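Below you'll find the structure, written out as structure tokens, and then a few comments.
Proteins get letters first, then strands, A, B, ... in listed order; numbering begins at 1 in each. None of the values given here were measured: they were computed from a predicted structure.
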Amino acid sequence: MDFLKDLNNQQKQAVTAGTGPVLVLAGPGSGKTRVLTQRIAYLIARQGVRPFNILAVTFTNKAAKEMEERVTDLLSGQTNGLTLGTFHGICARILRREADHLPVTSSYVIFDADDQVSLVKQALKDLNLDDKIHRPLSVHATISNAKNDLLGPEDFPPNTYRDEVIRRVYQRYQELLLLSNGVDFDDLLLYTARLFDENEEVRKRYARRYEHVLVDEFQDTNLAQYALVKHLASFHHNIFVVGDADQSIYRWRGADYRNVLRFEEDYPDAQLILLEQNYRSTQNILDIATAVIERNPYRTPKRLFTERGAGTKATLYEAASDQEEAQYVVEQIATFVVKKQAEPGDFAIMYRTNAQSRLLEEAFLRANLPYKIVGAQRFYGRREIKDMIAFLRLVHNPRDEVSLFRVINLPPRGIGAKTIQNLRTRAQQLGISAGELLLQLTQDVDSPTEEALGGRALNVLIGFAHLLHTWRSAAETETPLALLDRIIAETGYRDLIDDSSDEGRDRWENVLEFRRLATERQDRPLATFLEEIALVSDQDTLDKTSNAPTLLTLHAAKGLEFPNVFITGLNEGVLPHARSLEDPEEMMEERRLFYVGITRAKDRLFLLYSQTRNTYGYPDYVEPSRFLDDIPMELMNDERPQETSYGDVYLPRRAPAPQSTRWEEISTRSAPALQPEYAAGMRVHHAAWGEGLVLNSKIQDNDEILDIFFEEVGLKRVVASLAKLQVMGK
DNA sequence: ATGGACAATGTTTTT
DNA sequence: CATTGTCCAT
């Protein structure tokens, strides 16, 4: 097997670099994933390194999985024992194994973002601090940053009054986590780094094992991650990192692209390899990207080049409103698909904030065209899913107070704030957690406890305790899926959420979707299952199987590529975001974010902004993004309107968008008297308008109404019985 | 203890 | 505007 075939000189050099530290600076689309994969294969097959002795860190689980598959392909098997995963995932496993050295047990649970904020809230309450003044979200962000800088509460410098407050909240927050036998995302990194720092035996064990340490997306590591990598490579010093400072977009999460500089300082003998040739985009796209990123100060200039040729110009489009912007996206995609110039799945639509996806989704729904959206939060953040997870987490770890109090009264069984308070107080007196006390109620109840909890409340508590108890026994022998089914059945959860309204049905569908996820992971023990769902990344939810356009944030787009890319909302206040306008560092990051978006495109790039935008429900005029000024006009086709306004009169320059078909109408198209003859996806011919694609069909007033996209004349709405249509094909 | 009605308040980005 | 929290009547 020739691992070096089809590699350029720099890539070859990287793949076959000898021992010692190596720093690969890789521009977008320069094949860094390939380099990493082939290097792992090369180490195993050519250098005789055992997979067991290799550690590779990627940014998402999906990337790890893909990399593993590719290595396995290259070697036809023999990757057993290879450690491949995200920082958080790898740390979670190490902590599980080394729990003896930690303040938590091996059945600890990982608290998600919401749990973390509610814990901060609880901490503020415990300390009698006003959560109006000290906003939990912002307090948590500060704590998180401290952790990423490897600072514990005791290390947190109380320079200002606010710092003093945060230090105390941090302290209490940490106590609450431990009380629940829980860790947050940052603890995964912090605890592991600390463990290596303080326990030489453990550190040596891991450092000896990992003869080779490889890190992807190195520019987005924070201090804790940097320390981790350094510890892990502290024995063999074979550390191979790949990154691109221009693509650093996680500063707010503690990432520090200066880790690249730190690396060069810490390892002065590091080999430096530059990958500049781009295999992804056309030269026009690269030139646009370069024009944008060049405006950032303090960067090492890079020349991005390709052998793919100039390609087509980018399209710059000014929409009248953000709604129209979304409409334009859908119409453009429909045009390309109708003309058979691209597949629906070839398109990605990117935006700065998740909120922007809404209008796009609505536009797709109106056209009755399917789309897919990247984002784990959207799913795992839903109430019903959080409930399911809370039940499972509680079974796994009864000390988890956040989960306990989330579900103890689900469905309502008469346990309110008062009872919860009593339970917590009594548990505190006994020096145990509320969950442990609850479980004890299934045995026998001593009289002080009975008194503390009161007769009526006690009985319902015991009832819930018995449920929890049986679930815990079940969990010992059954799969998480079986346990989940048991919980759903025994709580009557469906009746609780499915009130047979659209929304209720929707929620139940979500539960079923979660159940499907559990089915896919049947073989996992509960601990692993919980860990996996706590650490899913947005990108992990990307579905490659369906042929539909992808909606995603610019952050989620990192590391991906698409033939055609729309970047929407190129307006001041959106990209760059309003909250980065004053801080030059943040402004630089906004620019990098735009750069990341541009460089995802292989063939076509669409840059969109609009004149007005709805914020808080009210429309407002907005300026085009300053970043657009930096792109030479000759690289773009300007689709901005010619002068069409006279004084205050604005003349629409395109045919008006079709009468909106509401989502409710689409979803409630129930048993019409007339059966539709046409369906979305059909190609039809019209005597005057030529050939077109049916986008939508509905029965209205005993007539079939069609939205058809014609190649010649665009989108039209026709009545089927009047327009003489010929069906050309499915 | 529960659920409904109103108010207030808030928007990056994510493991 | 859309979600989340708070108050009040049952």
Choosing from B:dT15, B:dG3, B:dT14, which nucleotide comes nearest the side chain of A:S537? B:dT15

Checking side chain to side chain donor-acceptor pair (under 3.5 Å) between A:D246 and each of A:R299, A:R591, A:R592, which is the one that passes? A:R299

Compare side-chain N and O positions of A:T60 against OP1 and OP2 of B:dT15 and report whether any pair is under 4.0 Å apart. no

Identify whether any heavy atom of A:N409 sits under 4.0 Å from a base atom; if not, whether one sits that close to sugar-phosphate; answer base, sugar-phosphate or nothing. sugar-phosphate

When the nearest nucleotide of DNA chain B is assigned to A:D186 and to A:R135 on a heavy-atom basis, which residue is associated with the more 5' position? A:R135

With a non-hydrogen cut-off below 4.0 angstrom, is A:R251 in contact with a base, only sugar-phosphate, or nothing? nothing

Answer with base, sugar-phosphate or nothing: what part of the nucleic acid does A:K558 contact at a heavy-atom distance below 4.0 Å? nothing

Touch check for A:R413, heavy atoms < 4.0 angstrom, all strands: base, sugar-phosphate only, or nothing? sugar-phosphate

Rounded off to whole Å, could you give me the CG-to-P distance for the A:D131 and B:dG10 pair? 11 Å

Could you tell me whether A:K558 sits above the aromatic face of A:F59, with NZ or CZ closer than 6.0 angstrom to the six-membered ring centre and within 45 degrees of the axis? yes

Within the 4.0 Å heavy-atom criterion, would you say A:T615 contacts the bases, only the backbone, or no part of the nucleic acid? nothing

When all nucleic acid strands are considered with a 4.0 Å heavy-atom cut-off, which category describes A:E586: base, sugar-phosphate, or nothing? base

Side chains of A:Q219 and A:D244: do they bring a donor and an acceptor to under 3.5 Å? no

Name the closest nucleotide to the A:K132 side chain, picking from B:dT9, B:dT15, B:dT13. B:dT9

For atom P, what is the distance between B:dT11 and C:dT6, given to the nearest Å? 15 Å

Flag this pair as yes if the NZ/CZ of A:R96 is under 6.0 angstrom from the six-membered ring centre of A:Y108 and inside a 45 degree cone about the axis; otherwise no. yes

Between the side chains of A:D187 and A:Q174, is a donor N or O closer than 3.5 angstrom to an acceptor N or O? yes

From OH of A:Y618 over to P of B:dG10, roughly how many Å is that when rounded to an integer? 16 Å

Ring-face cation of A:R393 near A:F111 (centre distance under 6.0 Å, axis angle within 45°): yes

Go nucleotide by nucleotide along DNA chain B from the 5' end; which of A:G414 and A:W252 gets its closest nucleotide reached first? A:G414

Among B:dT13, B:dT15, B:dG10, find the nucleotide with the atom closest to the side chain of A:N354. B:dT13

Do A:H555 and A:Y250 have ring centroids that are under 6.0 Å from one another? yes

Indicate whether the side chain of A:R413 and that of A:T491 have a donor and an acceptor atom separated by less than 3.5 Å. no

Using atom CD of A:Q356 as one end and atom C1' of B:dT11 as the other, report the distance to the nearest whole Å. 11 Å

Checking all strands, does A:L554 fall into the base, sugar-phosphate, or nothing category for heavy-atom contacts under 4.0 angstrom? nothing

Chain A on DNA chain C: first and last contacting nucleotide, 5' to 3', under 4.0 Å to a heavy atom? C:dC1 to C:dG5

Is any side-chain N or O of A:N148 closer than 4.0 Å to OP1 or OP2 of B:dT15? no

